[in-house]
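What follows is a short report on a single structure.
What you are looking at is a predicted structure, and each value in this text was computed from that prediction instead of being measured. As the structure lists them, so they are numbered: ligands from 1, and atoms in each ligand from 1. Positions are given from 1, in the same order as the sequence printed here.
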Amino acid sequence: MSQFMKNNTSLNKLESFDKMMQKKTSSMLGYPINTAQEYRDLYRFFDYSLINLGDPFVPSSYRINSEQFELEVLQFFAKLYKMPARDSWGYITSGGTEGNTHGIFVGRELYPDALLYFSKDTHYSISKIARLLNIQTVLVESQKNGEIDYTDLEKKIQKNKHLPVILNLNIGTTMKGAIDNVDAVVAILKRNNIRKYHIHCDAALFGMILPFVKGASRVDFQQPIGSLAISGHKFIGTHMPCGIALCRKQLVKWIETPIDYIGTHDTTITGCRNGHTPLFLWYAIQKRGLKGFSKEAHDCISNAKYLAEKLKKIHWPYFLNRFSNTVLFKKPSMKIITKWQLAVSRDWAHIVVMQSVTKESIDRFISDLILTA
Ligand SMILES: Cc1ncc(COP(=O)(O)O)c(C=O)c1O
């Protein structure tokens, strides 16, 4: 402990904050954050000003960086999402929102007059990005399960057939965990002879679940998608917000600018990027690997089914999509919402069954529901 802390009353404040965070962590069910991970082996690297600057594939003149780890992380994701070797590119972002911004920005630079299509169940970041980039939007109906309504999408694309299309597809919606079907959307574009399009996949949470579950609809770069964004602090649980943005290399050329001051190319949204988060992602990949991630994904889905069965038993209205760890249910009392940090939308709340949500915590939550019903 530093001399400053020994002599300072701030220590008490930090200690009580620590206790409070332990308590809050043990009662968090509503948000898709895996709080169960441990990264002590990496704490020594907080002594360095790790900053990754510019394009990770083009070394910059600032050398206190973790780009060698960033490249390994990107390799892992490029393989997971079947990116063709010669057309593979990505970078570690500050989170899902930045990855979405990057993907849609690339689409806008490719097709400046395109319209951006997305469903009503889409995360709020997408309409904000449209505002930031000054792109006209087309809001598409959702099906009851939260998936995009393909009939409405086709009707709206036909109405604007003369304009290019940027599509945001949800690979796991925020509230209902619904997955838009890439193949069905590509078929619509083909049927209507739309050649100028860019498909961005928002795979914030499910990007680390879908590759591991059999029978779920396919999402990868063997399909004509342009970009895909995943959050790192959600399923992987890096403790700090971060994300993975994947984009076809040939498309990144549309935004690339060489900058002499940093000695690299500007191809990212932010300038200086967090150099610690790539280390955390790398460490998680080494420690858990494909096998570990796969087991965790199956456990989350199985515990989500456990929660759904418990809700069914007490006749509490609920909904659970296939291949999803997000259980939607009728909004409970404010007391329960606060205690378990539930996310709510209108009359509904959800629990996102992450690695840190155990059968025991589900049982405790159900007991609380019964008491207040
Ligand atoms: C579907 C979806 N997209 C994007 C995001 C935004 O991700 P982040 O909070 O990492 O910016 C979220 C966050 O919950 C999400 O659920």
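- Using a 4.0 Å heavy-atom cutoff, His233 is listed among the residues neighbouring ligand 1.
- Near Gly172, meaning under 4.0 Å from any of its heavy atoms, are these atoms of ligand 1: 1 (C).
- Aromatic ring centres of Trp254 and His102 lie farther apart than the 6.0 Å criterion allows.
- Annotation: atom 6 (C) of ligand 1 to nearest protein heavy atom, His123 CE1, 3.3 Å.
- On a distance-only criterion, Asp202 and ligand 1 share at least one N/O pair closer than 3.5 Å.
- Here the shortest heavy-atom distance to atom 1 (C) of ligand 1, taken over Ile171, Thr326, Thr174, belongs to Thr174.
- For atom 7 (O) of ligand 1, the nearest non-hydrogen atom of the protein is Lys234 NZ, 2.9 Å.
- Centroid-to-centroid, the aromatic rings of Phe57 and His265 stay 6.0 Å apart or farther.
- Annotation: Asn12, atom CG; neighbour count of heavy atoms from other residues, nucleotides and ligands within 6.0 Å is above 12.
- No part of Thr122 comes within 4.0 Å of ligand 1, judged by heavy-atom distances.
- Salt bridge annotation for Lys312-Glu309: absent, with no cationic side-chain nitrogen under 4.0 angstrom from a carboxylate oxygen.
- Checked against a 3.5 angstrom limit, the closest N/O atoms of Pro32 and ligand 1 fall outside it.
- A salt bridge is defined here as a Lys NZ or Arg NE, NH1 or NH2 lying under 4.0 Å from an Asp or Glu carboxylate O, and Asp363 with Lys310 meets this definition.
- If you number the atoms of ligand 1 from 1 as listed, the ones under 4.0 Å from a heavy atom of Asn100 come out as 4 (C).
- Annotation: atom 10 (O) of ligand 1 to nearest protein heavy atom, Gly96 N, 2.7 Å.
- For Lys176 and Glu147, the salt-bridge test fails: no basic side-chain N is under 4.0 Å from an acidic carboxylate O.
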Note to self: Under the criterion side chain to side chain donor-acceptor pair (under 3.5 Å), I'd like the reasoning laid out for Asn100 against His200: C-alpha separation, chi angles, the key distance, then a yes or no.
What the structure shows: CA-CA 8 Å; Asn100 288 342; His200 172 74; 2.8 Å; yes

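- Here Arg248 pairs with Asp87 in a salt bridge; the nearest charged N to carboxylate O distance falls below 4.0 Å.
- Atom 11 (O) of ligand 1 has Thr97 OG1, 2.7 Å as its closest protein atom, hydrogens excluded (heavy atom only).
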